[in-house]
Number of protein chains: 2
Amino acid sequence: MKIKFCYISIGFSVAVVLSLFSCVGGVESTEQQFLSDEHPSLVLTSGGVAEIKSNLGRVPLFDQTLKAVIKEVDAEIANGIEVPIPKDLAGGYTHERHKSNFFIIQKAGVLFQITGDEKYAVYVRDMFLAYAKLWPTIGKHPAERSYARGRIFWQCLNDANWLVYASQGYDCIYDWLDESTREKLNKELFRPYAEYISIENPQFFNRIHNHSTWGNAAVGMIGLVMDDEELINWALNGLDIKVPGDIVKDNDGGDIQLEGQKEAGFLAQIDHSFSPDGYYTEGPYYQRYAMYPFLIFAQALANKKPEIGILDYREGLLIKAIYALINQTNAAGEFFPINDSQKGMSLASRELVHAVSMAYALGGKDAGLLSIVEHQGRVPLNNAGMAAAKGVADGKAQKFEYKSVELSDGANGDEGAIGIIRAQDVTLVMKYAKHGMGHGHFDRLGFLLYDQTGEVIQDYGAARWVNIEHKDGGGYLKENHSWAKETVAHNTLVVDKDSHFDGKVKPADKTSGTPYYFSGGDSVQIVSAKEMNAYDKVGMQRTMSVINIGELEKPLVIDLFSVQAPEGTRYDLPLYYLGEFMSSNQKFQMHNDLAPMGTNDGYQHLWAEGQTMLEEDIFSMTWFNSKRFYTVTSVVESGDEMILTRIGANDPNFNLRRDPGLIHRRKGGNTLFASLYEIHGNYDYASERPINSFTSIASLEVLHQSEAYAIVGFELKTGERYHFAFSLSDDDEGGRHAVETSNGQLEWNGIYDLKKY
Amino acid sequence: MKIKFCYISIGFSVAVVLSLFSCVGGVESTEQQFLSDEHPSLVLTSGGVAEIKSNLGRVPLFDQTLKAVIKEVDAEIANGIEVPIPKDLAGGYTHERHKSNFFIIQKAGVLFQITGDEKYAVYVRDMFLAYAKLWPTIGKHPAERSYARGRIFWQCLNDANWLVYASQGYDCIYDWLDESTREKLNKELFRPYAEYISIENPQFFNRIHNHSTWGNAAVGMIGLVMDDEELINWALNGLDIKVPGDIVKDNDGGDIQLEGQKEAGFLAQIDHSFSPDGYYTEGPYYQRYAMYPFLIFAQALANKKPEIGILDYREGLLIKAIYALINQTNAAGEFFPINDSQKGMSLASRELVHAVSMAYALGGKDAGLLSIVEHQGRVPLNNAGMAAAKGVADGKAQKFEYKSVELSDGANGDEGAIGIIRAQDVTLVMKYAKHGMGHGHFDRLGFLLYDQTGEVIQDYGAARWVNIEHKDGGGYLKENHSWAKETVAHNTLVVDKDSHFDGKVKPADKTSGTPYYFSGGDSVQIVSAKEMNAYDKVGMQRTMSVINIGELEKPLVIDLFSVQAPEGTRYDLPLYYLGEFMSSNQKFQMHNDLAPMGTNDGYQHLWAEGQTMLEEDIFSMTWFNSKRFYTVTSVVESGDEMILTRIGANDPNFNLRRDPGLIHRRKGGNTLFASLYEIHGNYDYASERPINSFTSIASLEVLHQSEAYAIVGFELKTGERYHFAFSLSDDDEGGRHAVETSNGQLEWNGIYDLKKY
């Protein structure tokens, strides 16, 4: 390994001939003198700094952030400069020290500009001189794990992180430096650094991948500081270099070269990484991480190369992407934990603090964003941050209106989607997007349900404790594969105890779910999608509706999961409710002796704590969580079973949470799983008075099921009766339907029909 | 049953001859005209009302509460008066309706006084007239379950609740009523009502028990309203009636007549229900419930019979009892869930809202109480509430200083105690009190540990969902006996898999733990107590110390559990940590197939998820909860085992939480269990940066153990070494000690010695 990597590296740095792609975006770089020679000009500008200074002491959120950053940087200055010889992996001393350094460099640079105190400039300069001294003395990082080894860190990705932040600090002291120091740093540190992560590692720089986004931004930003047009061009348009054939995969198994990939560089990243709605196929957890280089480089380009119109690029995609992120959060501002993601990552993160203020300042002064900024409690120390902080100080903040929205997936927006329905304090998310590559989960047609208190029906998220060394160094745990990605870990259908796509990423990546119908914003909101590829010979369509019914205190969720499959197919439909079991209309046989429910596909991690052959016409179960009651009501077919599950078997290192679940088990052919989810009542521990603790549903029945229609009827305990009919194959808004049901013929116009009797 | 109860009732109401105890408290009731004939004069007074009126609109907390109460009462008035014929048990319609009525009666009366709006007086009058019409038409409540059946409710206790509130409402409209209505109500409703719950049910009224406190207060308060000296005297001093011999137990198995009981009535309740420190043997959950009648009647007596000096009675015991309650709360204001208690009951409860304002207004204007009032967000609508709300509005509120305190148990303060140590945001509670009668748990020398985030080492609390019908009607669940009360459900020593006192209340009630040493407030705080009766031939002493060590970010807890017992004794020491297992220095054998750990004494509810024969000199385990890390470090003796447990076996109705635990298992004779508990570091999901996630303890060893001394030494990873020595049998503060240890001879003066090397 060592030898091979060395070879490639040397090969590139001496022998490669470069030719650049022609410019895209209408900018002809060679004909214009577009680079200002004044600094700072990247994120801060000299005019902007003047504006910030004139507002100091009058904008609380900005002042508070400034004070906190001064405290942090002053402590680091007091601590002295440490630039150790690279040695450790993430979590180790040298890694964490260099990581801390780049954050402080950026902050100290900003403080120099805002406060005018030279100690910050001195600190940044001395830090850079130390790095300039170190750089020629080190080769590749000694750890050999990465497909693209860095020099300061074990992988180029982290080296690029360093440069994205360091170039901002450099920009802030550039004009203050004497010319010889500037030249020394340009020649001995920054240009070689930029070359290392670009032309010397094209397998890192020239991909369509978040790694390359960091690389492009890093090289582009230092290029903007140094007025180095060559670097800027590499950054925007990629390298005309073919990656040697023997590096085809990264460390996560991702392809270095995508099928049919013709472009590279920053603009190509924008083209290919997002759907037209700003959705990122790996999901919001990774989008949050990837967004920072997109936005910070875009901000620098907007300042220094306004003629590119980067913020208008692809119809303002980057600002749209920020909105897409905001829309993928629950009431606490936490991202939906779809695909590999650690729960709890939220709008409070460093990246979103930067992004939301930027979206406010550069995206149209949306007052709804200010309530998020207010909640974040800090702003970036730049003009966007000042604008947002002033907006808050001026009392302009308005509640952000979370609206129902369907976010398409795929670069062209035609590869599935996620549907998000908001109704009062209820949020329903259904996923029928692309797989999400190496970080995807086998969860087609899975859903998550939230209310104001948090998770109601949960997605497990990733089996990982990010950066926590106790847990396998903070990386992905093996239970992430064996449990968290498997279909049975999600609220969607498992056929024959086998995960979607047989648990294989490659076929999963080739197709996506198929959006069928989405209608948000009314008193009847619906998301419906099909999945025809997850299993052979099995067609699945899930239709979920959130309806406002006058008799109920909260919106009611209707869940209709239609399946077309051969007779004898075995179905398991899990439901990961969160909270304490209160009661059920069924008598469960509880097990005192527990054994794993299977050996593979995630079943090996489940215990069946209780089970029952379902009786009566419906299954009903009420649970309690965070002072509220919840009830699921499902239609029972003859032979149905219900299993009360607990996660935790085959978990030698206690890596999994001991969360409960239900599995609705059925054997048959074409079928319909029909359920209602209610959020109801409350209970306060100080008054000990339960309000509305029982379900309001008296009955639920399937009135018709076929490949073309799903129709259910339900009755409230107060006597009102409703039916909900949905056309599964004709999505013509004006279509006319006449269907035989167990209650006689039903006729309606349009895709669905909700009626009260 | 029905016939017997009827017989007793009739017998009393016609045939019993009454003679009263002589007055206590220095008041001779027959010689003074001490009753004012002005109303209101119980909780509100006419002067007080004028003061409230003059402050309306200027005291936010009072105004807000008033507004909320007006909204509530107006809605009830709009709803109309409902006084149904009694039929249901708790939770049923007639019970809940009558319960709601008495709350509204009291509130409407207060609103009449404060707002002057006659609609409130009319509502209260008409409600009373409806009850006056109902009363003669009903006999005993049809439900026959209670040892003292009520008429409006299924038990006299609830009838007394009704009268305690109703008499306050009556007091408010008394002078407004015309004389004939007043006489009618006095004669046809209130006097018979008061007789029913006193002379007709002495087995309810004449006990030393919280039931009787309600009875005494009810009869006394209506007596004060009607100037009925006879009733007041019964209330204060009890009845000279012998309860018929065939009613000896209440429904919970409690004795009607305590051994040697000579007195009854309200003053005797104060004498016998509390320790001199204001501790109530059933614990804070029940104390909270019992306090309301104590305080509301006391407030009425203070207003109307100031000559009794009720608030000075027993050296101001009632106010002390409020402080005792406040001292038994965690950072969220929730009561320690010792004995039978539902977690979450807190200072926010109705009873404490009343009590804290009262303690402020009548107990010396302690500004620390105002921060609690502020947090409660509402005040009682009386002069105490106005005083507290004004204090808050005037900015007088100060942080309540929670201090380390030992609260003695027993009427004379010589029957055990609970020790509460506060150090920064750490709270340690150790219990060595009386058993707590029918609501007691077998938890001698058990402990609870909290920090700012909540529970660190938890007590399970009761197995009950109070008032939640799903769960066996909201009463105690059978798992309360089979699990929650058992010793293995607590953080204390189980010998031979058998609960303390063999799980029997009677012997447990006969003795208490023995306080040995308590020292709070310094950088070394210690609680130490002995328990010699829980097991035959086993002497136990637990010594816990909370120490501030410069090298650690949080106080460190030292736990030394000494046992003197015959060789071959089998010990299980459970530890109910709350959170996610991070890592251990031991390799556990995890079980995929689980079976209950036993058949009785609580073990039938535990699964062993993993276990190991301990190796190395110490056992160390780190867990994570609420963004913090925690580590337990324990000394290992040869042959020790550690078991990772999970609650949940033999739980047919899913009544138990699936919480984790550890059991340290040892076989031997005299021994010492020595452990350290650390609270350290943090982890934020938005920054994903773990701080100080590993233990700081490098080693821990027992340097000496004997009946006379426990000495441990420990070393930090940074190299500092400490020893902690404790004298287990000589508690002379000036005693001199010289002990051979494995590190040579150790000499010190006093009960303990903490030294750094």
Side-chain angles (χ1 to χ4, degrees), chain A residues 91 333-334 342-350 352-353 465-471 474 580-584 587-596 604 607 609-610 622-624 627 629 644 646 648-655 657-660 683-690 693-694, chain B residues 91 333-334 342-350 352-353 465-471 474 580-584 587-596 604 607 609-610 622-624 627 629 644 646 648-655 657-660 683-690 693-694:
Chain A
E334 296 164 344
Q342 176 164 282
K343 287 185 186 180
M345 180 53 76
S346 72
L347 298 176
S349 64
R350 178 174 68 237
L352 268 290
V353 166
W465 297 81
V466 180
N467 294 331
I468 296 187
E469 277 186 79
H470 295 270
K471 291 297 189 184
E580 297 289 326
F581 178 102
M582 287 282 109
S583 65
S584 171
K587 179 71 197 148
F588 281 90
Q589 175 67 36
M590 299 300 287
H591 303 307
N592 290 322
D593 298 302
L594 305 184
Q604 71 274 29
W607 284 302
E609 290 195 347
T622 297
W623 71 97
F624 177 81
K627 305 187 181 176
F629 298 90
L644 292 165
R646 181 75 50 182
N650 281 293
D651 180 20
N653 299 312
F654 254 64
N655 285 340
R657 302 188 304 271
R658 297 299 185 259
D659 290 341
Y683 179 75
D684 174 70
Y685 290 104
S687 69
E688 296 186 331
R689 210 173 141 201
S693 76
F694 286 93
Chain B
E334 296 164 342
Q342 176 164 283
K343 288 185 185 180
M345 180 52 74
S346 73
L347 296 177
S349 64
R350 178 175 68 236
L352 268 290
V353 166
W465 298 80
V466 180
N467 293 333
I468 296 187
E469 277 186 78
H470 296 270
K471 291 296 189 186
E580 298 287 327
F581 179 102
M582 286 283 110
S583 65
S584 171
K587 179 73 195 146
F588 281 90
Q589 175 67 35
M590 298 301 285
H591 304 307
N592 290 321
D593 298 300
L594 306 185
Q604 71 274 29
W607 284 302
E609 291 195 345
T622 297
W623 70 97
F624 177 79
K627 306 186 180 176
F629 297 92
L644 292 164
R646 181 76 49 182
N650 282 293
D651 180 20
N653 299 311
F654 255 64
N655 285 340
R657 301 188 305 269
R658 297 298 185 259
D659 290 341
Y683 178 76
D684 174 71
Y685 291 103
S687 68
E688 295 185 331
R689 209 171 142 203
S693 76
F694 286 94

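Order of the sequence lines sets the chain letters (A, B, ...), proteins ahead of strands, with each chain counted from 1. All values reported here derive from a predicted model rather than from experimental measurement.
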Would you name the heavy atoms of N592(B) and N650(A) that are closest together and state the gap between them?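 Scanning both residues completely, I find the closest heavy atoms to be OD1-N, 2.6 Å.
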Do you know which two heavy atoms are closest between A595(A) and D593(B), and how far apart they sit?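 Here A595(A) and D593(B) meet closest at CB-OD1, 3.1 Å.
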As an exercise, state the distance from [atom1] of [X] to [atom2] of [Y], rounded to the nearest 0.5 Å.
{"X": "I468(B)", "Y": "E688(A)", "atom1": "CD1", "atom2": "CD", "answer": "9.0 Å"}
{"X": "R689(B)", "Y": "N467(A)", "atom1": "CZ", "atom2": "CG", "answer": "10.0 Å"}
{"X": "W465(B)", "Y": "M582(A)", "atom1": "CH2", "atom2": "CE", "answer": "3.5 Å"}
{"X": "D659(A)", "Y": "R658(B)", "atom1": "CG", "atom2": "CZ", "answer": "12.5 Å"}

Using a 4.5 Å cut-off on heavy atoms from C-beta on, say whether the side chain of N653(A) contacts that of K587(B).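 The answer is yes; the side chains approach within 4.5 Å.
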Side chain, backbone, both or neither of [X] within contact of chain A (heavy atoms, under 4.5 Å):
{"X": "E609(B)", "answer": "side chain"}
{"X": "R646(B)", "answer": "side chain"}
{"X": "S584(B)", "answer": "neither"}

Quick one: sort the F654(B) and F581(A) rings into parallel, tilted or perpendicular, breaks at 30° and 60°.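 If you compare the ring of F654(B) with that of F581(A), the planes turn out tilted.
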Can you tell me which portion of L352(A) sits under 4.5 Å from chain B's heavy atoms? Options are side chain, backbone, both or neither.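 Neither part, no heavy atoms under 4.5 Å.
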Quick check on F624(A) against chain B: is it the side chain, the backbone, both or neither that has a heavy atom closer than 4.5 Å?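 Side chain only.
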Using the rule side-chain contact (heavy atoms from CB on, under 4.5 Å), only one of H470(B), K471(B), E469(B) pairs with S583(A); which is it?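 Answer to the side-chain contact (heavy atoms from CB on, under 4.5 Å) test with S583(A) among H470(B), K471(B), E469(B): H470(B).
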